[in-house]
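One-based numbering, in listed order, for ligands and for the atoms of each. Positions are given from 1 along the sequence.
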Amino acid sequence: MGHHLTNTRPVEMMGTREKVLAVHVQTERQTGIDTARQVDELRALIQTDGGDIVETMVIRVKQPSVSTLLGSGQVASIHDTAALHGADVVVFNRELAPLQQRNIEGIINRRVIDRTRLIIDIFARRARSREGKLEVEEALLRYMLPRLTGKGVVMSQTGGGVGTRGPGETKLEMDRRKIKERLGRLKRLMDAVRLQRKVQQSRRAKTGIPLISIVGYTSAGKSTLLNRLTGAGMQSSESPFTSLDPVSRRLYLGDGSFSLITDTVGFIEELPVQLVKAFRTTLDDVTRSDVLLFVVDVSKMEYENDISVVHGILGEIGADRIPTIYVFNKIDRVGKDVPRTGTTDSYRNGVLVSAREGTGIDTLRDMIARELTMARRHATTRERDELYRAV
Ligand SMILES: Nc1nc2c(ncn2[C@@H]2O[C@H](COP(=O)(O)OP(=O)(O)OP(=O)(O)O)[C@@H](O)[C@H]2O)c(=O)[nH]1
Ligand SMILES: [Mg+2]
């Protein structure tokens with residue numbers, strides 16, 4: 001009986017989890033609270049990527065060194081700590097320049113993975129759709145291009161290590177020329193996907209069905225909210241980046257009409273630029289929405305920071321002017337008073353909910369209906385104006 005269970009366990013639980021030393025590099029500008037939050041986030045990312053954290057180091061740096069980022073004494077102490085705990089990999093909580101990464105790796109004699117590679121790796125692990133896989137592959141190749149050494153690189157999807165996953169089916173050995181060729185081919189493949197999407201979009205636009213997108217920091221509760229609103233069977237979990245592929249469902253409004261509501265990839269502080277670029281097709285739906293539901297986990301101490309990170313990324317993808325409802329989620333964890341005394345007051349279009357327990361969801365439905373009516377009115381005014389201009 002027991003072996004059925006064993007077979008469904010993830011590979012990492014069967015004794016192959018890599019031992020990871022987590023290194024948080026703290027610059028002078030950062031406060032203590034920032035550090036605690038970022039260290040927690042780093043640890044969650046490493047665990048999501050199948051790593052077993054044996055030790056966490058916080059290293060303060062005053063004057064970053066071009067060649068190794070840290071001082072030589074600091075690199076030596078990373079080496080010693082890694083050796084002491086038998087770490088296989090050292091993961092840094094920031095992007096390292098290719099030169100820094102290579103030099104540190106040389107000194108500490110272990111694989112060095114930076115934050116960007118770690119996040120791309122998690123995306124590679126999660127991508128299910130063809131489009132998502134192509135997007136992750138593009139991000140990974142763009143990341144690797146400036147990091148090639150003479151030998152080229154090896155990517156494999158079957159490898160179990162932290163920060164080693166690639167999206168290809170087989171082991172790929174690539175040099176710079178091959179990477180550039182592959183990027184060219186990826187571009188052609190994505191162009192085809194985009195064209196297909198355009199056709200779908202214009203077909204959908206003709207139906208006049210309004211679009212709503214759920215956006216927010218990773219783990220804010222976006223999928224739980226979609227499930228609560230529509231009964232969709234979206235997977236939700238504590239670990240970051242559970243959902244990558246956009247999933248759309250019908251959301252019925254009071255008057256019998258419906259809209260399409262889409263849940264998509266979560267955002268994170270310093271989301272690698274390669275990923276934002278590669279995911280532009282996926283994020284295109286967000287940009288075309290009539291209304292955004294901006295989900296915020298108010299049980300996190302630093303939820304205001306999450307809000308500004310998400311605002312930043314919405315700005316980057318050109319979705320910052322879409323009418324937005326702020327959904328302050330997880331109030332079951334904090335009680336009603338806490339978020340009300342904070343920033344939530346300054347968001348006119350905000351509602352306190354618990355997606356898990358259903359609190360506040362009726363109010364949210366009413367707000368969505370109202371927002372869509374206004375969006376429609378705007379659209380008709382615009383069309384009428386255009387008509388007047390035309391005659
Ligand atoms: N207490 C509480 N937990 C919640 C609530 N909503 C979601 N959660 C939990 O928060 C975690 C993340 O929820 P998800 O719905 O997966 O979050 P997400 O925003 O879709 O995350 P990603 O897809 O990974 O970006 C899960 O463990 C949920 O059960 C809520 O209202 N209250
Ligand atoms: Mg999700």
Of the options Arg185, Arg182, Arg142, which is the one that meets Glu137 in a salt bridge (charged side-chain N to carboxylate O under 4.0 Å, His left out)?
Arg182
Does the side chain of Ser65 reach to within under 4.5 Å of the side chain of Gln74, using non-hydrogen atoms?
no
Should Arg228 and Arg356 count as side-chain neighbours, where that means a heavy-atom distance under 4.5 Å?
no
Using modelled atom types and a 3.5 Å cut-off, is there a donor and acceptor pairing between side-chain atoms of Gln100 and backbone atoms of Glu95?
no
In order of chain and number, which residues sit within 4.0 Å of ligand 1 by heavy atom?
Thr218, Ser219, Ala220, Gly221, Lys222, Ser223, Thr224, Ser236, Ser237, Glu238, Ser239, Pro240, Phe241, Thr242, Ser243, Gly266, Asn329, Lys330, Asp332, Arg333, Ser354, Ala355, Arg356
Other hydrophobic cluster members with Leu70, side-chain heavy atoms of Ile/Leu/Val/Met/Phe/Trp/Tyr under 4.5 Å, chained?
Leu21, Val23, Val25, Met57, Ile59, Val61, Leu69, Val75, Ile78, Val90, Phe92, Leu96, Ile104, Ile107, Ile108, Val112
Which protein N, O or S atoms lie under 2.8 Å from the Mg ion (ligand 2), given by chain and residue number?
Ser223 OG, Ser243 OG
Is the side chain of Arg250 donor-acceptor paired with the backbone N or O of Leu260 at a distance under 3.5 Å, no angle test?
no
Kindly list each side-chain donor-acceptor pair under 3.5 angstrom involving residues 318-328, sequence neighbours excluded, with atom names and distances?
from   : atom 1 : to     : atom 2 : distance (Å)
Thr324 : OG1    : Ile322 : O      : 2.8
Tyr326 : OH     : His311 : NE2    : 2.8

The single option from Val39, Val91, Thr81 passing side chain to side chain contact (heavy atoms under 4.5 Å, CB included) against Thr56:
Val39
Under a plain distance cut-off of 3.5 Å, with no hydrogens placed, do Gln47 and Ser239 share a side-chain donor-acceptor pair?
no
